[in-house]
*Asks:* 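Supplied in structure tokens, the structure appears directly below.
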Number of protein chains: 2
Amino acid sequence: MARQLTGKLVVATHNPGKLKEMRELLAPYGVEAVSAGELNLPAPAETGHMFSENAAIKAHAAARATGLPAFADDSGICVEALDGAPGLFSADWAEAGDFGPAMERVERELRRRGASEPEQRRAHFVSALILAWPDCHEELFEGRAFGAMVWPPRGAGGFGYDPMFLPDGSERTFGELSAEEKHGLHGSRGAALSHRARAFVKLAEACLKSPG
Amino acid sequence: MARQLTGKLVVATHNPGKLKEMRELLAPYGVEAVSAGELNLPAPAETGHMFSENAAIKAHAAARATGLPAFADDSGICVEALDGAPGLFSADWAEAGDFGPAMERVERELRRRGASEPEQRRAHFVSALILAWPDCHEELFEGRAFGAMVWPPRGAGGFGYDPMFLPDGSERTFGELSAEEKHGLHGSRGAALSHRARAFVKLAEACLKSPG
């Protein structure tokens, strides 16, 4: 059985948006979240070879520094015809936070390989969540959303490669879906559920005491 | 149409085994191969985010340094349940050239994710070949071999993760196959054909004048 999480948790992020999302997700379980950014913890170098490894680097660093359980996530998009690229480098392909050039690069590489049909353009988003404790114990939860890369990108919502990703079973890209639909809030549990929501559902089932 | 290759070619490798293999493959086409190692060219840093990008870095560096067309390859194994890992880091997971610990690491990560059935242990080898010319033109050829990761590893042949990789349509791992079977020499063109052989067949059909 997975170790249970209660009380206070460090969210190993310097991103206020991610912290806000985690606070909302954790509030019903009575878990209080404080972030690495708020505690002025340094951000460790993400030198891992897998998403789970980068999440573990961040979570263990925060747990060691604070003596509290810590949470971190790492995520990206893996395109099959590109052998998993951009993968760990998903954010690096953006230019100053602009993912337009990153999506163009994916499209250019797909065309170079003659990948025009949806089945040649398969991809998945992945989110790896790590809960780490000061005694080095860790729990891993991964969520994936499968679909295909479309061109041109569609929708102004979401983040990163969202406008280029058409999840299986949906006629709208992640960029065209609402946050509620993607995150599975308010009871929605559709095919378009995001990779992060899928991972968090696993974490909550394993490590958090059911609210109510 | 792809640019044709004639005359002399620099093989961007410092590995005598790879050079020998390329010499044998190219000899029937009247192409003479000299290696970056023989020419004392420095090995550039492989900082790419895709196999094809690392091959291009090596090939263009050799073409620029010599004024001759140059060839380079980059290859690795991508495990689906690990989102493409070890991928670009396939060689890095070995310890001082020993792939035993690398295969154990793959197995440990698969077990951690509960991947026990063959369909949960899908993987592919990929080889990206780049031909580059001094005027910066390049041609890309990729070959992939699909299969599943087995445990324990079987066979003493091959290299790297070969003993752990069971190609689709074969009852023997790459480690149990002869070089002739893997490389498709002497007319063998079976399901067990290696990723590198598949890529070279494409290169030869596109860029080399048929022998005889």
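So that the names make sense, note that chain A is the first sequence line, chain B the second, and so on, each numbered from 1. Keep in mind the model is a prediction, meaning the values are calculated, not measured.
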*Asks:* Name the one of B:Glu53, B:Glu139, B:Glu138 that satisfies salt bridge (Lys or Arg N to Asp or Glu O under 4.0 Å) with A:Arg112?
*Replies:* B:Glu138

*Asks:* Can you measure from CZ (B:Phe141) to CZ (A:Arg113) and round to the nearest 0.5 angstrom?
*Replies:* 12.5 Å

*Asks:* Does the A:Arg144 side chain pair with the main chain of B:Ala81, one donor and one acceptor, at a distance under 3.5 Å?
*Replies:* yes

*Asks:* Applying side-chain contact (heavy atoms from CB on, under 4.5 Å) to A:Phe125 and B:Asp83, what does each step give before you reach the verdict?
*Replies:* CA-CA 9 Å; A:Phe125 272 109; B:Asp83 306 298; over 6 Å; no

*Asks:* If you count the non-hydrogen atoms of other residues, nucleotides and ligands that lie under 6.0 Å from CD in B:Glu171, is the total more than 12?
*Replies:* no

*Asks:* Quick one: what part of A:Leu140 sits under 4.5 Å from any heavy atom of chain B, side chain, backbone, both or neither?
*Replies:* both

*Asks:* Taking every heavy-atom pair that is under 4.5 Å apart, which of A:His124, A:Glu80, A:Met50 has the most such pairs with chain B?
*Replies:* A:Met50

*Asks:* Once rounded to the nearest 0.5 Å, what's the spacing between atom CZ of A:Phe89 and atom CG of B:Leu88?
*Replies:* 6.0 Å

